[in-house]
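In what follows, chains are A, B, ... by sequence order, proteins preceding strands, each numbered from 1. Atom set for the values below is all heavy atoms of this structure, side chains included, hydrogens, waters and symmetry mates excluded.
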Amino acid sequence: MNTEYDGFDYSTSLAGASFPSPVFTASGCASSGKELAQFFDLSDIGAVVTKSVMNKPRHGRSTPRMAETPSGMLNSIGLQGPGIDHFLANDVPWLLSKGSRVIVSIAGETIDEYSVLARKIRPVQGISAIEVNISCPNVENRGMVFACQTDTAARAIDGVRKIIGGEIPIIAKLTPDVTDITSIASSVVDAGADALALINTVLGMVINLDTMRPHLGGKTGGLSGPAIRPVAVRAIYQVHSAMPNVPILGMGGVASGRDALELILAGASGISVGTASFGDPTAIPRIQRELHALLVARGFTSLRQAIGYAHRASEEGAQ
Amino acid sequence: MNTEYDGFDYSTSLAGASFPSPVFTASGCASSGKELAQFFDLSDIGAVVTKSVMNKPRHGRSTPRMAETPSGMLNSIGLQGPGIDHFLANDVPWLLSKGSRVIVSIAGETIDEYSVLARKIRPVQGISAIEVNISCPNVENRGMVFACQTDTAARAIDGVRKIIGGEIPIIAKLTPDVTDITSIASSVVDAGADALALINTVLGMVINLDTMRPHLGGKTGGLSGPAIRPVAVRAIYQVHSAMPNVPILGMGGVASGRDALELILAGASGISVGTASFGDPTAIPRIQRELHALLVARGFTSLRQAIGYAHRASEEGAQ
Amino acid sequence: MSTINKSAAQITATILSNKRVGAYHQILLSIGDLASVCRPGNFVAIAVGGESSKMILRRAFAISRITHGSASGGAMELIVAPHGSGSRWLCAQPEGSDVDIVAPLGKAFGIPTSPVNALLVGGGYGSAPLFGLAEVLKARGCRVDMLLGASTGSKIYAPLEGKRSASTLKIYTEDGSMGERGRVTAPIPSLIEQGSIDVIYSCGPMSMLRAISDLTTGTDVVHQCAVEESMACGIGICMTCVLPVKGEDGTVSMLRSCIDGPVMDASTVAWDLVGKTPPAVTL
Amino acid sequence: MSTINKSAAQITATILSNKRVGAYHQILLSIGDLASVCRPGNFVAIAVGGESSKMILRRAFAISRITHGSASGGAMELIVAPHGSGSRWLCAQPEGSDVDIVAPLGKAFGIPTSPVNALLVGGGYGSAPLFGLAEVLKARGCRVDMLLGASTGSKIYAPLEGKRSASTLKIYTEDGSMGERGRVTAPIPSLIEQGSIDVIYSCGPMSMLRAISDLTTGTDVVHQCAVEESMACGIGICMTCVLPVKGEDGTVSMLRSCIDGPVMDASTVAWDLVGKTPPAVTL
Ligand SMILES: Cc1cc2nc3c(=O)[nH]c(=O)nc-3n(C[C@H](O)[C@H](O)[C@H](O)COP(=O)(O)OP(=O)(O)OC[C@H]3O[C@@H](n4cnc5c(N)ncnc54)[C@H](O)[C@@H]3O)c2cc1C
Ligand SMILES: Cc1cc2nc3c(=O)[nH]c(=O)nc-3n(C[C@H](O)[C@H](O)[C@H](O)COP(=O)(O)OP(=O)(O)OC[C@H]3O[C@@H](n4cnc5c(N)ncnc54)[C@H](O)[C@@H]3O)c2cc1C
Ligand SMILES: Cc1cc2nc3c(=O)[nH]c(=O)nc-3n(C[C@H](O)[C@H](O)[C@H](O)COP(=O)(O)O)c2cc1C
Ligand SMILES: Cc1cc2nc3c(=O)[nH]c(=O)nc-3n(C[C@H](O)[C@H](O)[C@H](O)COP(=O)(O)O)c2cc1C
Ligand code: FES
Ligand code: FES
């Protein structure tokens, strides 16, 4: 564990899983870790959240898969990946050998697939948590986003929970593209999610002005980056307000320590950094340093004191 | 009518109402027009969409009411305004006297209030259309956003339709903050909306890092500006795809002719420019010029040919 | 043409000079003919961050002084505190670069038609519009006294300028590093009591304006203050910059400080309601 | 440390010079020790737009040439076409300004261990990495012929440089404004037939790479091409830049062109699947 934060308790926990720092990679924005290892030591950050893996290997969507937008980007990767077997045999052992804490993200095309994935992960030693991605917008059918409806969201989580028992914390990852995110959040918590990951990308689209057609191979894509940060802060604030005891892994447009602090004050116990790593391979350790300095400057002696502080401050506050 | 587009037919119509150009102000981003008249001639643009007016005068929310965010901003005005009587007695006549086409935006706290407003507007001569704002996020209770549910959305529109009859086109303004915007769109069309305005702002929040509390007086606010453009394009594309015959007034992050073109190719028959006018008081006439040049450069001889072209191109297209 | 901001125009202005002065930057912009329509109290809205900026809103700055040059036309002086990313960007622009400005905006200070005794009170960069104002007042035969205050000496802008433009100048800093230690409002009660001032012109933090307002309440002293609210547009179209102002009948309206201000009659501002949800409108 | 991009580092590089050359800008960056680990075919990813930029992604540029200087260390040359807002920003940066770069990235061209006859084919700014490559190949005793093509003469980068670095140089433009009128691929069939080339190194638009690939299929000529796909990260973490590549067993995988490329064995690329939804994975 990290000791460079002397005096300050930078550790965090998500439903029993502990981490020396609250700054993680975001699923799909760090592959399986190897690529970033050239730029910093993976054991120095809170955790590596791996790219959502499915049961079978998968090609994903056709190219182009990305479009830059003002202060953001769209992606339509479509969950390309090697499949769970290859992933568990190769990527997880490599990450653990580097001393990294590992959160495995899984995604299924059917409710059953989530259970199948859980069954394969259960016996694996050393995994800190499972992030259940029920909100990837880049699947063939927009109706397939389980996190859009309380019942499908709950069933996917329930399938995983039944198999995992209490061994590994389950983090349900939600989309902000719903009418009422708190109702989705409470349905997955009822179904057995220990924590929530907020937010996945926002559904968006870009038209290519040369071809005058949708730019992305998959037509629509997921919007990420600083552009969506106010949406992430709002979602985290709303959900933390409704369920103050459910830990939240916050993400969406965090590119600096100040951004991370904003999400933490809104209620996040940990921060995933996604798109920022594309523009800056050392974004995560930088954000980790900046956040620490900002917390200390505000007189906090532990990260925990700051989590959800915006809610408490408003009770105490003058207004 | 404008003749400076010689050869090119720049006119558009929204359910029977005709406009010499497709570029309008956005409701709430031009007040009642007077303020912009110093910077350009209001009769030169397509139309002035006035700030949503309620039945009674209204103070709106407490300050601060805005926060700049990456490529966007949050606002929480809360529908401050003079009330419909003052508005109809003063602002509408002034706009008409300047030769401006006027679209009156109305907002109600109750379903009934929409009918009351419609009753007062009905006898007024010279109004091109009514935009019914059922999606303002800056009202006391987030549950009050009628456009979040198909039934409340439909009832608000139905109330207006019953009173307006067929005299004035009704444009229903929707929020993208819903699980399925096409179902909301079809419910308001069934209830009598002639056209749709897409999109209102996206619900967001900013935490002030000095006070460590929500920055806006109203806590949450509406996100607008280029940051949300991909969301607007997606919403317009989805709705146009589902209901190709329902005209759409598109908006959300349009700051240049290229942005306007993107929304038009996605399916918008007209474009409202909101936040861009804050950063550039002459944004609207500039965007109007730029869009015209881009359309001509692509070989279009009328605006109409370009509306929804991204859908047709993808049928014809090579892939 | 409108009656609102009726002299305003959007132009490209060249930075003639950009000098650090204490904690501030003194920036001189070449604005041609526009100089002739700028009045003390008006402000300018400047686009920041360049072509591919993520900052979409203009930044507002008080027009500090206007000089009517020769060939190149007039110039506008600003006093800019490098605060956040937008003002820091502006302070970093080199001489010779161009900025997109909209000016003059807002209501100017009211100038008395006959000579009066005027007290000008500035807090921090709030002194900006006071130098230009002092010149105009003196030209009208007014007596001009000036009080400048700040947290520390480096935030007192150009004390020598102050001396030149006013009959008397008193400086207050909270840490005592320049002038007297204390608040700039300290001497005001006795000045009012002595009957030595007719009008106070103030510009600075809202708390300072309010404090002065409290001191002038119930006296004959007129108090014109230049308020500072967060502004998204600066031209009256967004309704973000509102301030509760009492009408003649006592009802409070939320007025836009960009077009109904920034200069306001301090006695009409409902200071206790600033930043609060105003009471529901009653008809 | 990883095996991927194992020499890559993120550094601040100073622009030593920035010159317009035809339709391009030749930009020289001071990169110190990093120069020693850059190989022809590697690319650099540059942050664009400055501190308050709305452009959040880096832009990729082929490393055109490396010079090993004296005191100030090595330098990296780029050939940049002002295309959209990011590349235009880079082309507008003055000498002396700093940029944030990550380099060297991706797989370099494979250099034969024994002397061969090499044909270098560049389209537009695709000629960028070929000059440096030519020098390396010549140092290994290879014969180097070069073909450069573009739509028009101003888009042929530095034809004189080409002449210096290759044994022969032929230029093709589609409008005939420089060299011969036609496509750069025109002479390749007869060169292959004559048996005068062993390896083709190509860099340019995907359509050009594919056309060359079609010509070399079924011949003994090895074809290494530097592909260009839209890249969000450039370092292998985002999966946006994938290309369908056939494995030894004939199955197609979507490989990341940033780390498994940009230089690829053209015979393994499933050209007909580029930009299509690849067939479902079968196990
Ligand atoms: C009428 C008026 C006159 C002003 N005159 C001066 C002056 O002469 N010299 C000077 O240094 N400053 C002046 N200010 C304040 C100046 O506008 C802010 O310091 C500046 O907008 C901060 O922008 P930023 O990007 O540096 O900071 P950020 O905090 O990054 O700005 C974020 C957003 O908040 C707004 N904002 C932040 N602080 C303020 C503020 N104090 N007032 C209004 N909006 C704010 C910005 O406009 C921007 O939209 C004046 C403000 C107003 C309204
Ligand atoms: C490996 C590699 C080597 C390259 N070498 C060179 C070179 O030597 N000289 C040169 O001028 N250009 C080169 N390019 C292309 C260069 O990256 C693009 O021209 C540039 O990214 C365009 O950015 P922009 O902001 O100007 O354009 P915009 O169109 O505004 O860019 C928008 C987004 O699309 C991406 N994009 C747009 N065009 C391309 C493209 N052709 N390739 C990849 N991404 C693109 C941008 O990175 C950005 O994220 C290379 C690209 C790659 C992948
Ligand atoms: C290229 C890309 C790929 C992503 N892939 C995944 C994924 O596989 N699983 C997942 O749960 N989220 C995925 N995401 C979403 C991110 O984890 C994150 O929720 C989102 O991007 C918001 O954070 P950011 O703004 O920091 O990127 C992906 C995002 C991007 C940009
Ligand atoms: C300050 C502000 C006030 C607004 N007020 C209203 C309003 O009164 N009625 C309404 O329908 N939309 C209102 N909107 C939403 C805009 O009309 C528009 O739908 C939205 O801002 C997206 O467009 P833009 O990105 O071009 O601003 C407001 C937006 C802003 C920024
Ligand atoms: S700043 Fe927009 S109305 Fe005043
Ligand atoms: S550009 Fe991100 S993986 Fe290649």
Side-chain angles (χ1 to χ4, degrees), chain B residues 25 28-42 51 54 56-83 85 94 98 140 215-218 221 224-227 253 255 274-282, chain C residues 1-11 45-49 51-59 84-86 100-102 105 206 227 229-244 251-259 273-283:
Chain B
T25 65
C29 302
S31 201
S32 304
K34 281 200 185 72
E35 299 79 2
L36 284 176
Q38 169 65 16
F39 298 98
F40 59 89
D41 189 333
L42 296 177
K51 171 141 190 79
M54 301 183 78
K56 298 270 171 67
R58 190 179 160 102
H59 279 329
R61 284 182 162 185
S62 55
T63 53
R65 288 180 172 183
M66 76 102 175
E68 198 186 43
T69 67
S71 298
M73 68 171 280
L74 286 181
N75 87 80
S76 64
I77 308 301
L79 297 176
Q80 174 176 349
D85 297 333
W94 185 87
K98 296 290 165 184
E140 297 312 306
H215 178 75
L216 296 175
S224 63
T275 306
S277 291
F278 301 167
D280 179 1
T282 54
Chain C
M1 292 286 151
S2 168
T3 50
I4 301 163
N5 284 322
K6 64 179 191 299
S7 309
Q10 179 174 15
I11 66 163
I46 306 186
V48 291
E51 238 185 85
S52 47
S53 176
K54 68 179 173 197
M55 295 181 281
I56 60 167
L57 302 174
R58 282 170 192 265
R59 302 310 194 243
S85 49
D100 175 348
I101 72 167
V102 179
L105 294 173
M206 293 294 272
V227 302
E229 280 288 344
S230 241
M231 293 181 178
C233 76
I235 56 170
I237 59 176
C238 75
M239 299 285 186
T240 61
C241 63
V242 297
L243 210 68
T251 61
V252 171
S253 312
M254 299 302 280
L255 295 192
R256 287 163 283 185
S257 63
C258 64
I259 58 172
L273 292 176
V274 172
K276 302 248 169 82
T277 309
V281 181
T282 45
L283 284 182

Output the distance between atom [atom1] ([X]) and atom [atom2] ([Y]), rounded to the nearest 0.5 Å.
{"X": "B/Met66", "Y": "C/Glu229", "atom1": "CE", "atom2": "CD", "answer": "10.0 Å"}
{"X": "B/Thr282", "Y": "C/Gln10", "atom1": "OG1", "atom2": "CD", "answer": "3.5 Å"}
{"X": "C/Ile259", "Y": "B/Gln38", "atom1": "CD1", "atom2": "CD", "answer": "12.0 Å"}
{"X": "B/Asn75", "Y": "C/Thr240", "atom1": "CG", "atom2": "OG1", "answer": "8.5 Å"}
{"X": "C/Leu57", "Y": "B/Glu68", "atom1": "CG", "atom2": "CD", "answer": "4.5 Å"}
{"X": "C/Met239", "Y": "B/Gln80", "atom1": "CE", "atom2": "CD", "answer": "5.0 Å"}

*Stepwise, does the side chain to side chain contact (heavy atoms under 4.5 Å, CB included) test hold for C/Ile56 with B/Phe278?*
CA-CA 8 Å; C/Ile56 60 167; B/Phe278 301 167; over 6 Å; no
Relative to chain C, which segment of [X] carries a heavy atom at a distance below 4.5 Å: side chain, backbone, both, or neither?
{"X": "B/Pro70", "answer": "both"}
{"X": "B/Asp280", "answer": "both"}
{"X": "B/Thr69", "answer": "backbone"}

Please report the shortest heavy-atom distance between [X] and [Y], naming the atom on each side.
{"X": "C/Ile235", "Y": "B/Pro281", "answer": "CD1-CB, 3.8 Å"}
{"X": "C/Gly236", "Y": "B/Glu35", "answer": "O-CG, 3.5 Å"}
{"X": "B/Ser31", "Y": "C/Arg256", "answer": "OG-NH1, 3.4 Å"}

*Can C/Val102 and B/Phe39 be said to form a side chain to side chain contact (heavy atoms under 4.5 Å, CB included), step by step?*
CA-CA 10 Å; C/Val102 179; B/Phe39 298 98; 3.8 Å; yes
*Check step by step if side chain to side chain contact (heavy atoms under 4.5 Å, CB included) holds for C/Leu243 and B/Thr63.*
CA-CA 8 Å; C/Leu243 210 68; B/Thr63 53; over 6 Å; no
*Option that, when pairs with chain C are counted at under 4.5 Å, heavy atom only, ranks first among B/Pro226, B/Pro64, B/Gly72, B/Gly28*: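 Highest number of pairs under 4.5 Å: B/Gly72.
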*Side-chain (B/His59) to main-chain (C/Pro244) donor-acceptor, under 3.5 angstrom*: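 The answer is no, because no donor-acceptor pair under 3.5 Å joins these two groups.
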